[in-house]
Novice: 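If you scroll down you'll find the structure; I have some questions about it.
Only heavy atoms go into these numbers, but all of them, side chains included; no hydrogens, no water, no symmetry mates. These numbers were taken from a predicted model, which means no experiment stands behind them.
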Number of protein chains: 2
Amino acid sequence: MATIKDIANAAGVSLATVSRVINNGPKVGDKTRERVKKIMVEMGYRPNANARALVTQKSASLGVVLAELLDPFFATLAHGIETVTRRHNVQILMSAGSIEKKTELKAIETLLEHRVEAMVVHSKALDDDTLIEFARQVPGFVLINRYIPEISNRCVWLDNVAGGRLMAEHMIRSGHKNIAVISSRYQIVDPIQRIDGIRQAFEEAGLSLPESSIEYATPDQEGGEKAIQNLLAKSIPFTGVLAYNDAMASGAMSMLQDHHIDIPGKVSIIGYDDVLLAKYCRPKLTTLRYPVEMMAAKAAELALQYASGQPPEDGVTFKYTPTIVKRESVLTI
Amino acid sequence: MATIKDIANAAGVSLATVSRVINNGPKVGDKTRERVKKIMVEMGYRPNANARALVTQKSASLGVVLAELLDPFFATLAHGIETVTRRHNVQILMSAGSIEKKTELKAIETLLEHRVEAMVVHSKALDDDTLIEFARQVPGFVLINRYIPEISNRCVWLDNVAGGRLMAEHMIRSGHKNIAVISSRYQIVDPIQRIDGIRQAFEEAGLSLPESSIEYATPDQEGGEKAIQNLLAKSIPFTGVLAYNDAMASGAMSMLQDHHIDIPGKVSIIGYDDVLLAKYCRPKLTTLRYPVEMMAAKAAELALQYASGQPPEDGVTFKYTPTIVKRESVLTI
DNA sequence: TTGTATGCGTTATCAC
DNA sequence: GTGATAACGCATACAA
């Protein structure tokens with residue numbers, strides 16, 4: 001591949017001049033500039049991003065660490081980031097971390113080796129200290145969907161406790177008393193906080209939430225099916241189900257319908273995330289809107305700001321709150 | 001950030017020695033090796049991937065160009081690629097190209113500037129010649145979901161004509177005669193080929209497919225809704241619908257159900273892709289299995305092979321064929 | 001076994 | 001306006 005040197009030779013000028021026309025440098029004669037440009041396209045010149053990154057000490061690229069591309073939730077997240085990197089002419093370096101300590105660490109470190117200047121990280125497996133240390137090292141390090149007090153200005157997160165409360169309150173206000181919960185089996189902070197919120201709402205309503213009414217499974221449709229099966233198997237009586245996310249809710253609905261249990265006639269159900277699925281399953285799913293895309297865009301924006309040395313004013317915080325989206329899966333009794 | 005030089009100074013050895021221990025080079029004394037290693041972790045040394053790429057002329061990264069991360073189809077594709085890059089310890093550089101000539105071109109060129117050695121490209125907007133030229137320039141250039149005869153050994157693609165035939169044949173064999181088609185409004189090759197296949201099956205069955213029975217819309221759920229609305233508005237009689245993809249099928253089902261038209265009682269429908277959606281909508285969608293993930297993995301594998309100078313034997317080709325997945329959305333009449 | 005020197009493709013700082 | 005030239009961080013051929 002042609003280098004700047006080849007161009008210089010071909011054009012009969014020096015490296016420096018070529019470099020200037022590439023970067024629209026100021027002091028170049030109009031005719032030399034044209035000539036060099038012409039030769040560049042002729043020879044199919046393409047600047048070498050690696051060399052450039054090496055000398056300028058910046059990479060014009062943003063690293064992304066997320067758990068699992070297959071999950072529509074993460075796909076949405078990635079999309080949110082993509083909208084801003086595109087606007088800023090920044091490349092995305094993507095690493096998947098599958099919610100395992102080792103893999104997440106590896107993902108971040110690889111990105112660091114590439115000297116990305118900004119980084120949006122979705123980490124659930126790594127502990128606070130490790131992440132704080134990374135934040136210290138990398139100016140453009142931003143966490144998404146996680147809150148760590150020590151680096152609160154680097155966190156873009158959702159208030160999951162509020163979310164849990166919200167869904168429980170809606171179910172209770174709709175007249176339900178026997179309410180089951182299907183949650184994620186991954187003992188990360190999200191499901192725990194959501195259940196905390198649910199518990200708060202239950203207590204205020206004078207209800208209790210026994211452990212037997214909570215089923216844990218993988219946070220996908222299959223997990224939703226399994227969780228409902230277990231609930232049915234245990235003969236737990238319930239007219240309401242609070243799901244960890246829309247995928248689980250959809251799996252649960254699917255399974256209930258296979259058992260000819262009408263939704264919302266016999267059982268009401270509330271999801272979480274408001275991914276596309278929620279709108280297109282039958283009955284349409286009542287759920288919590290999780291503004292992932294907006295949050296992801298914010299996180300990318302933020303990472304780029306920090307990287308360029310223009311951090312937002314001190315004391316700002318990036319907490320988002322879910323809202324309820326009422327559709328058809330909850331019956332008022 | 002600490003460089004190889006810092007380590008050398010701290011350890012009292014030369015650059016070369018440090019470089020050797022980093023790359024597990026052969027001729028290093030055991031105790032110096034240990035000492036250097038220790039210092040490296042102490043100082044938190046991280047090799048600079050840019051510098052390394054510059055000198056070795058290889059980047060250990062694979063570029064990916066796809067249309068739209070939000071689409072579950074592409075998310076699956078990305079996931080397929082990710083499984084193999086992870087195994088090969090290769091970074092993913094991701095660019096979205098949104099089916100526009102300019103954007104797709106830009107995406108590829110940015111990747112090229114980063115000197116990725118391998119590249120999996122999903123391009124629908126660029127013309128054959130442009131892509132052939134790229135393939136000539138980049139050894140590890142592989143196309144996915146597109147077939148160009150001149151570079152057939154760089155194409156991993158699905159036989160869309162066969163797919164179209166297959167879905168039409170199944171619908172016809174189930175006794176349907178009035179069959180409508182909802183297709184993608186993007187005039188890329190895929191929808192055209194699928195309709196070609198459908199036409200072939202129709203002709204063989206002595207049926208015809210008037211243009212009025214085909215509706216074009218965006219290839220998503222919303223498009224599916226609109227397409228069905230138009231069909232209903234035009235009072236086209238149909239008992240069967242062939243959809244461009246599962247998303248459109250799902251939108252169509254949704255809209256039909258809103259009009260209290262029973263599926264498959266009144267209208268049968270067949271999708272395309274077999275994304276998760278198909279399994280979880282109600283009724284479960286009969287559709288064509290599109291082995292995207294497998295194909296994406298193959299494409300990544302292939303790109304890496306070509307890049308490392310070990311191309312598969314000549315004359316091989318990577319055509320995949322869709323198969324039908326019978327579920328609940330088709331009624332035999 | 002270890003060290004020295006050179007170059008990868010750029011940008012940037014000087015001179016001219 | 002233009003041209004040498006020194007970095008950037010690393011790998012490697014060649015010396016020692």
Novice: Mind listing the closest non-hydrogen atom pair of A135(A) and R154(A) along with its distance?
Specialist: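 Smallest heavy-atom distance, with atoms named: O-NH2, 3.0 Å.
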
Novice: Ignoring hydrogens, what is the shortest heavy-atom contact between H114(B) and N50(A)? Give both atom names and the distance.
Specialist: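 Result for this residue pair: O-ND2, 3.5 Å.
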
Novice: Would you call the rings of F74(A) and H122(A) parallel, tilted or perpendicular if under 30° counts as parallel and over 60° as perpendicular?
Specialist: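 Rings of F74(A) and H122(A): perpendicular, over 60°.
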
Novice: Before accepting this row, confirm whether a basic side-chain N of the pair K106(A)/E109(A) lies closer than 4.0 Å to the acidic partner's carboxylate O.
Specialist: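 No, K106(A) and E109(A) are not salt-bridged.
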
Novice: Looking at every heavy atom in both S59(B) and R115(B), which two are closest together, and how far apart are they?
Specialist: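 Shortest heavy-atom separation between S59(B) and R115(B) comes out as OG-O, 3.0 Å.
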
Novice: Please state how far atom CZ in R35(A) lies from atom P in dG1(D), giving the value in whole angstrom units.
Specialist: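 The answer, rounded to whole Å, is 15 Å.
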
Novice: Going by number, which of residues 8-18 of chain A have a non-hydrogen atom under 4.0 Å from DNA chain C?
Specialist: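 Those residues whose heavy atoms fall under 4.0 Å from DNA chain C, taken from residues 8-18 of chain A in numerical order, are A16(A).
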
Novice: Strictly below 4.0 Å, N to O, side chains only: are E150(B) and R136(B) in salt-bridge contact?
Specialist: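 R136(B) and E150(B): not salt-bridged.
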
Novice: Is the backbone of L15(B) close enough, under 3.5 Å, to the side chain of S19(B) for a donor and an acceptor to pair up by distance?
Specialist: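 Not confirmed, S19(B) side chain does not pair with L15(B) backbone.
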
Novice: Closest approach of Y306(B) and N153(B), non-hydrogen atoms and distance?
Specialist: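 Where Y306(B) meets N153(B) most closely, the heavy atoms are OH-O, 2.5 Å.
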
Novice: Hey, which of these two, K5(B) or T32(A), hits DNA chain D nearer its 5' end, going by closest nucleotide?
Specialist: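 Looking at DNA chain D, the more 5' nearest nucleotide goes with T32(A).
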
Novice: In whole angstrom, what separates I22(B)'s CD1 from dA11(D)'s C1'?
Specialist: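 One finds 10 Å between C1' of dA11(D) and CD1 of I22(B), rounded.
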
Novice: What range of DNA chain C does chain A touch, first nucleotide to last, counting atoms under 4.0 Å from its heavy atoms?
Specialist: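 Reading along DNA chain C, I get dG9(C) to dA12(C).
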
Novice: By the 4.0 Å heavy-atom rule, please label T3(B) as base, sugar-phosphate, or nothing.
Specialist: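 Result for T3(B) = sugar-phosphate.
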
Novice: Do R20(A) and dG3(D) share a donor-acceptor pair, side chain to base, under 3.5 Å?
Specialist: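 Indeed there is one.
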
Novice: Counting only non-hydrogen atoms, which of residues 42-58 of chain B are less than 4.0 Å from DNA chain C?
Specialist: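 Residues of residues 42-58 of chain B under 4.0 Å from DNA chain C: L54(B), V55(B), Q57(B).
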
Novice: Tell me whether D6(A) contacts the main-chain N or O of T3(A) through its side chain, where contact means a donor paired with an acceptor under 3.5 Å.
Specialist: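 Yes; judged by distance alone, with no hydrogens or angles, the pair exists.
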
Novice: Would you find a donor on one side and an acceptor on the other, under 3.5 Å apart, between the side chain of E104(A) and the backbone of K124(A)?
Specialist: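 The answer is yes, because a donor-acceptor pair under 3.5 Å joins these two groups.
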
Novice: Looking only at heavy atoms, which two atoms of L69(A) and A78(B) are closest? And how far apart?
Specialist: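 Between these two residues, the closest heavy atoms are CD1-CB, 3.6 Å.
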
